[in-house]
Amino acid sequence: MFFKRLWSRPYKRTYLDYAASTPVDEKMIASFPALTPEQLIGNPGALHREGLAAKKVISDARERIAKQLRAHADEIIFTSGATEANNLAVLGTIRSWRAHGIPAHHIELITTELEHPAIFETAKALQKEGIEVSFLKVNESGVNVKSLSPNPAATHVLVTCMYVHNELGTIFPIKEIAKRIRFLKKQNPGLEIIFHTDATQAPNTIAIDIPTLGVDMFTIGATKLYTHKGVGMLFKKRSIKLTNFLYGGGQEFGLVPGTEPVYLVDLFSRAFAYAQTHAEKINEKLSKLQSYFEKRITTEIPNVHIDDIHLKRSPHITHLSISNFDSELLVLELDARGIAISSQSACTDVAPPDSYMKRFGDTTGLLRFSFGRFTTKADLDRAVKALKEVLEKYKNL
Ligand code: PLP
């Protein structure tokens, strides 16, 4: 009842692609205090009254997010989204080390082959610049935290590992990795290790507390926060020095040049706080819906495999493979029946590495169903019905 009143379905189709993009929650936005025209006129960099009013919106937003994360306001850097925040974390750290005279062969980037392209492609670009990139072992039991062991030649190491996988929904052991890093640092007091997590898929279902998580840098973006897209943020500890990779004005501590989108930043900060306040309730709601969906899928559809079902997963993503079916065909047929899902992350148009594909029970019929605030049991019933129809239609092909 509570969910029905607060989060009633704003849209007719059955939208089950929340991991790609969340719908704008108009009711949530209407519950936020509206900005005044004066706050929306000026450039936050200007010295006049309108400029100062806009600047205050940005600094209030910074404080709102910092308070939520238990961080300092000057540790929050607004970006255009999660992709830019990830680039800033990775390129910014490594370029800063290089600018301080650390030779490339003493630097190592440790990540996983399962990262979103915003990290994976950035790592590949750095590899071309002579930076050693190595991968944490990930197998059926998840990330092998003990395999985190820097190359002996490295004096400066950046570890980046996502929090919740954007296709599988798997929750990666961020606290354990942070613990392992503390252990490695104790053993090698001269070794610098910085730990970043891409938490873009986490804030709707997991309450986040930076000191408990133990990370040095942390990314989120508006695309998954039920607000308007075009903004994101990087948390970075005060002690960490980054070098900008874009050039222009001195906004965002000189790290993200360009006039700040005042309206978007205000909504983003409030939407993040809102998501965090409701994370436990949403987790509870989605866990029930996910169990219901997965039970129906596995009992009513033959040859279906739910990926990473045995691991700790966020309840907002179910990734499955159905042997001998073409993923795109299934997505398009479901779309024609009013069901929006995806077969691969919306951000991926390059083939993932083999080790990544081996992760799936089957590499055919890969489908990601993802759920959110507005998802109902009826949505899932419609999705199961449509999927069964499509599979029946193509079963003899
Ligand atoms: N990181 C993860 C884990 C994501 O899921 C996404 C988007 O799907 C991104 C980064 C990139 O977000 P954006 O496209 O909003 O920059």
Side-chain angles (χ1 to χ4, degrees), residues 15-24 77-92 111-125 136 138 143 159-174 177 195-206 208 213 215 217-235 245-246 252 256 258 261 264-265 267-269 271-272 275 307-308 312-319 331 340-350 352 356 359 366 368-372:
Y15 184 78
L16 296 175
D17 201 15
Y18 284 77
S21 168
T22 45
V24 172
I77 304 158
F78 292 116
T79 62
S80 68
T83 298
E84 192 177 65
N86 282 344
N87 272 262
L88 180 60
V90 175
L91 294 177
T111 184
T112 74
E113 283 185 319
L114 301 180
E115 297 304 302
H116 185 277
I119 291 287
F120 198 74
E121 295 299 314
T122 312
K124 274 170 46 188
L136 277 174
V138 187
V143 177
V159 178
T160 176
C161 174
M162 57 168 41
Y163 197 173
V164 174
H165 195 270
N166 53 303
E167 288 182 41
L168 300 159
T170 319
I171 300 175
F172 284 27
I174 299 303
I177 294 175
F195 182 26
H196 165 255
T197 187
D198 173 1
T200 309
Q201 292 288 347
N204 290 305
T205 53
I206 301 177
I208 295 156
L213 207 52
V215 295
M217 293 194 283
F218 165 98
T219 291
I220 49 167
T223 322
K224 327 293 176 197
L225 285 170
Y226 300 84
T227 179
H228 297 286
K229 286 111 191 144
V231 60
M233 59 143 263
L234 177 71
F235 154 83
F245 65 93
L246 292 171
E252 296 303 303
V256 186
L264 295 181
V265 165
L267 289 185
F268 171 67
S269 67
F272 174 62
D307 296 300
D308 277 2
K312 219 168 148 199
R313 286 178 304 145
S314 170
H316 80 296
I317 299 179
T318 291
H319 191 276
V331 170
I341 61 155
S342 66
S343 60
Q344 211 185 34
S345 155
C347 319
T348 310
D349 60 6
V350 285
Y356 178 90
R359 189 137 189 90
L366 298 180
R368 178 184 69 181
F369 291 81
S370 53
F371 323 114

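It should be emphasised that the depicted structure is a prediction, and the values quoted were computed from it without experimental measurement. Just follow the structure's listing: the first ligand is 1, and inside any ligand the first atom is 1.
For the side-chain hydrogen bond (donor to acceptor under 3.5 Å, both in side chains) test, no residue two or more places apart in sequence or in another chain qualifies with Thr22.
Ring geometry, His165 versus Phe172: the interplanar angle falls under 30°, so the pair is classed parallel (tilted spans 30 to 60°).
In terms of polar-atom proximity, Asp198 is counted as a contact of ligand 1, with an N or O under 3.5 Å from an N or O of the ligand. Looking at Lys224 next to ligand 1, an N or O pair under 3.5 Å apart turns up.
Compare Ile119, Leu225, Thr83, Asn87 by their heavy atoms: the one nearest to atom 16 (O) of ligand 1 is in Thr83.
When each of Leu136, Asn86, Val90 is paired with Thr160, the side-chain contact (heavy atoms from CB on, under 4.5 Å) condition holds for Val90 and for no other.
Every atom of ligand 1 is numbered from 1 in the order shown, and the set under 4.0 Å from a heavy atom of Thr223 is 13 (P), 15 (O).
Not a single heavy atom of His165 sits under 4.0 Å from any atom of ligand 1.
In this structure, the side chains of Leu264 and Phe78 stay at 4.5 Å or more apart for every pair of heavy atoms.
Interatomic distance, CD of Gln201 versus CD1 of Ile317, reported as 4.5 Å (0.5 Å rounding).
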